[in-house]
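Down below is the structure, laid out as structure tokens.
Atoms considered below: every heavy atom in the structure, side chains included; atoms not considered: hydrogens, waters and symmetry mates. Atoms within a ligand are numbered from 1 in the order they appear, just like the ligands themselves.
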Amino acid sequence: TRTSRPQRILKAVQRKATVGDPQSVITAIDHFCRHREWAMNVGDEKGSILDSVVNEVSPVTVLELGTYCGYSTVRIARLLPPGACVITLEFNPDYAAIARQVIKWSGLEDKVQLVEGASGDWIPWMKEHFGVQAFDLVFLDHWKERYLPDTKLLEECGLIQKGTVLLADNVICPGTPDYLEYVRNSPHYNSQYYRSHLEYTKAEDGLEKSVFLGY
Ligand SMILES: Cn1ncc2cc([C@H](O)c3cccc(CNC(=O)c4cc(-c5ccc(F)cc5)cc(O)c4O)c3)ccc21
Ligand SMILES: [Mg+2]
């Protein structure tokens, strides 16, 4: 097909959503992905759990690993107070280009820093380049085999401190067994599973919330 799926998602946003209205952007993407074409956004059901965790943590600095089309970026950014921001890492330039336009359409560009690059390359530079001390919330939604190595890298770089919350998507489907085993068995994390469904389907999936307890 001529256009890519992310391009068709952006078109659905531009046709159905109101500029400056993040909720209409979220609704437009969910409607398109439920009724036209499935896509790997966190979706409305798991998205509501994401919302409740963001509201509970009321983070000042958020790290999102895996932007894709910016759906969860918009979900997170719309709940942030002035002065708070989400840094989101996307290595795929085509996804990044679409996400920038989705985020702009929602009017949240001032709360979002989209960085084009791979998590493993950028995490060591977060302190120096963005002046981040530590993240209050990390949303993991990139390659599932990168969840564990990137969590360890965040720890090594001192970007996770007492109280930092890790929220991981897809811990059942596609699944992140090594990550789950680590956060559930580590004495340094208090972990909790939020049972839900794979976006726009009846298949089981869920989010794992892990609070760092300090060393
Ligand atoms: C290193 N680095 N740093 C930044 C960064 C960013 C990316 C990209 O954003 C990217 C590209 C491709 C895949 C992903 C991971 N997402 C998934 O694979 C996924 C799958 C499914 C699913 C479930 C059932 C199916 F049947 C098919 C797909 C449901 C979901 O919610 C997903 O998140 C993320 C990649 C590596 C990156
Ligand atoms: Mg996901």
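Contact annotation for atom 25 (C) of ligand 1: protein absent (non-hydrogen atoms, distance under 4.0 Å).
Protein heavy atom in closest approach to atom 15 (C) of ligand 1: H142 O, 3.2 Å. Looking only at heavy atoms of the protein, atom 31 (O) of ligand 1 is closest to E199 OE2, 2.5 Å. Looking from atom 23 (C) of ligand 1 to the surrounding protein, the closest heavy atom is L198 CD1, 3.6 Å. The protein heavy atom nearest to atom 1 (C) of ligand 1 is S119 OG, 3.3 Å. Counting only heavy atoms of the protein, atom 6 (C) of ligand 1 lies nearest to E90 OE2, 3.5 Å.
Which parts of ligand 1 touch F91 is read off a 4.0 Å heavy-atom cut-off, strictly below it: atoms 4 (C), 5 (C), 6 (C), 7 (C), 35 (C), 36 (C), 37 (C).
Centred on the Mg ion (ligand 2), the angle running from D141 (OD1) to N170 (OD1) is recorded as 90°, rounding to 10°.
Ring-centre distance between H142 and Y147: below the 6.0 Å cut-off.
Between the side chains of T61 and D136, at least one donor-acceptor pair of N or O atoms lies under 3.5 Å. A donor atom on one side chain and an acceptor atom on the other are found under 3.5 Å apart for D30 and Y71.
Checked against L89 for a side chain to side chain contact (heavy atoms under 4.5 Å, CB included), the options M126, Q113, E116, E64 give a single hit: M126.
Distances shorter than 4.0 angstrom occur between a heavy atom of W38 and an atom of ligand 1.
Of the heavy atoms in D141, both backbone and side-chain atoms come closer than 4.0 Å to ligand 1.
The N, O or S atom of D169 lying closest to the Mg ion (ligand 2) is OD2.
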